Amino acid sequence: MRPTRRKFLQSLLGAGAGASLPILCSGCNAAPKAKASTVGTTRRSFDTSGEAVFPKGFFWGTSTSAYQIEGAWNQDGKGESIWDRFAHTPGKISTGDTGDRACDSYHRWRDDLSLMRSLNLSSYRFSISWPRIQPNGSGPASSRGIDYYSRLVDALIEARIRPLVTLYHWDLPQALEDAGGWPNRDHVGRFADYVRLVAQRLGDRVSDWILFNEPDAFTELGYLDGSHAPGRKSILDFLRATHVVNLAQGEGFRALKAVRPDSRVGTAFSMSPCEPATTSENDILAAERAHAITNTWFLDPALRGRYPEALAFLPETAMGIKSGDMEKTRTPLDFIGINLYYRTICSAASALERAAHAQEWLFPVKMEEGQQGPKTDLGWEVWPKALYDMVTRITRDYNRPVLEITESGCSYNDGPDANGVISDTRRIQYHRSYLAALSRAMAEGADVRSYHAWSLLDNFEWSKGYSQRFGLTYVDFNSEKRTVKDSGKWYAKIAAENRLGKVSD
Ligand code: FCB
């Protein structure tokens, strides 16, 4: 989830998609519904100071991903991933960093497990690197790759920490990018094969799975915006990639269930409540379209077997949608994972912009960051109500599904003081306020099973390299020494007590 996502429609329009794309998809004749936004436009303050108790069995977790923490990019037979290639290409990562070593978790995972124990975690979300399992993206599973994750899973279970395993957190085998990347429909079957291999080897011990991390982010940033691997900038590639990933979500789900029918399978969607900038009808309509782009493009094909109505302008042929596809995307996900950091403010495009892009149906939506809350060091607005709004809206719109908060967190670059203490009070305040907002949504009926702080460790933050620290644990990237920050100590207490004390506590 990156701020650049907000540029989506502008870039789509800027590249002349409307003019060059011929046919509209089914349902485009349905007028987009200008139903009243449920996220509200009020600016009332949101009180998160009270006490909150979480239900028994609520999972307290942290999240990481393979490329961001493992390092060992070419060891034990691992194949090259698109992120290895991208980071090794000069100019792609603003700091010139790579994930070659990252947090060296591939070798130090036992240290990381000790950290998890000290944080009193009951859930750990990590991802499997596809090119460790299939170095070239197809063929049999590499036993060295599987063994690494198998040992980690055993140790987690022994420590009574639930493994929540993400199958795809953005590190596609480079060989599959060379074969066309996500726009290539053949990758639906390849993804399902990979899922099957992993499920066969780990499914006896892992029951909770996430198919994709933030499908909208990796398709947009990787294929449209170009700021992430594989760095393409093509509307057609992007549109096709979104549909192929929707198909892969369906096939991956069925592949997993075929191996382990009683597993729980979901996806971690990046979500952000889309608020209209004003109460004007046009801004409300813009916010609904932004909601479809941001939050439901990959959810509705699964749960409703169709693309969101507010995306009615999507060109069916350009996306490569074939007859029968929407039955294949339809997938009864067992839970919806929500990654949430901030809200999005939406407005209709100006008359000038509209005139410049004649197609009224390709409605330009402006998506901007909120400006009222404090900003993190990455410039993301801290807005706890965003989590409340999103969770309550999904609960309403999808008939109270099971939810897992699969990521939330903040980048603050506080380092150790003279005594080696990292007093990151702003991070404590962030998690405290987001958790309070979450508990309020739960009190109103949302079925939320977990909260995973992004992240266990400071790590490689994609195109920003090591310049942004999101961890509850500080990592010295020279020595790889880990030091639990004050926020980590605070989180350990919350996790142990299963409740948030009052702000004054
Ligand atoms: C999310 C990504 C995660 C991390 C956080 C900060 O969008 O899923 O890998 O980069 O943002």
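Quick caveat: nothing in here was measured; it's all calculated off a predicted structure. Counting begins at 1 with the first residue of the sequence. Counting starts at 1 for both ligands and their atoms, in listed order.
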Those atoms of ligand 1 less than 4.0 Å from some heavy atom in E461: 4 (C), 6 (C), 10 (O)
E214, any N or O under 3.5 Å of ligand 1 N or O: yes
Atoms of ligand 1 close to F470 [distance to a heavy atom under 4.0 angstrom, numbered from 1]: 6 (C)
Pair Y124-T64, side-chain donor/acceptor within less than 3.5 Å: yes
Heavy atoms from other residues, nucleotides or ligands near NZ of K481 exceed 12 (cutoff 6.0 Å): no
Polar side chain donor-acceptor pair, N339 to T406, under 3.5 angstrom: yes
Short N or O distance, S65 and ligand 1, threshold 3.5 Å exclusive: no
contact_flag H169 ligand 1 heavy-atom lt 4.0 Å: yes
Sub-4.0 Å atoms of ligand 1 with respect to non-hydrogen atoms of N213: 8 (O)
Mutual orientation of the aromatic rings belonging to Y466 and F460 [parallel < 30°, tilted 30-60°, perpendicular > 60°]: perpendicular
Ion pair check, R196 and D193, cut-off under 4.0 Å: yes
Atoms in ligand 1 flagged as close to Q68, the criterion being non-hydrogen separation under 4.0 Å: 3 (C), 4 (C), 9 (O), 10 (O)
Among D458, D112, D111, side-chain hydrogen bond (donor to acceptor under 3.5 Å, both in side chains) partner for R482: D112
Check: Y474/D424 side-chain N/O donor and acceptor closer than 3.5 Å: no
Any N/O pair W380/ligand 1 closer than 3.5 Å: no
For W462, atoms of ligand 1 separated by under 4.0 Å from a heavy atom: 3 (C), 4 (C), 9 (O), 10 (O)
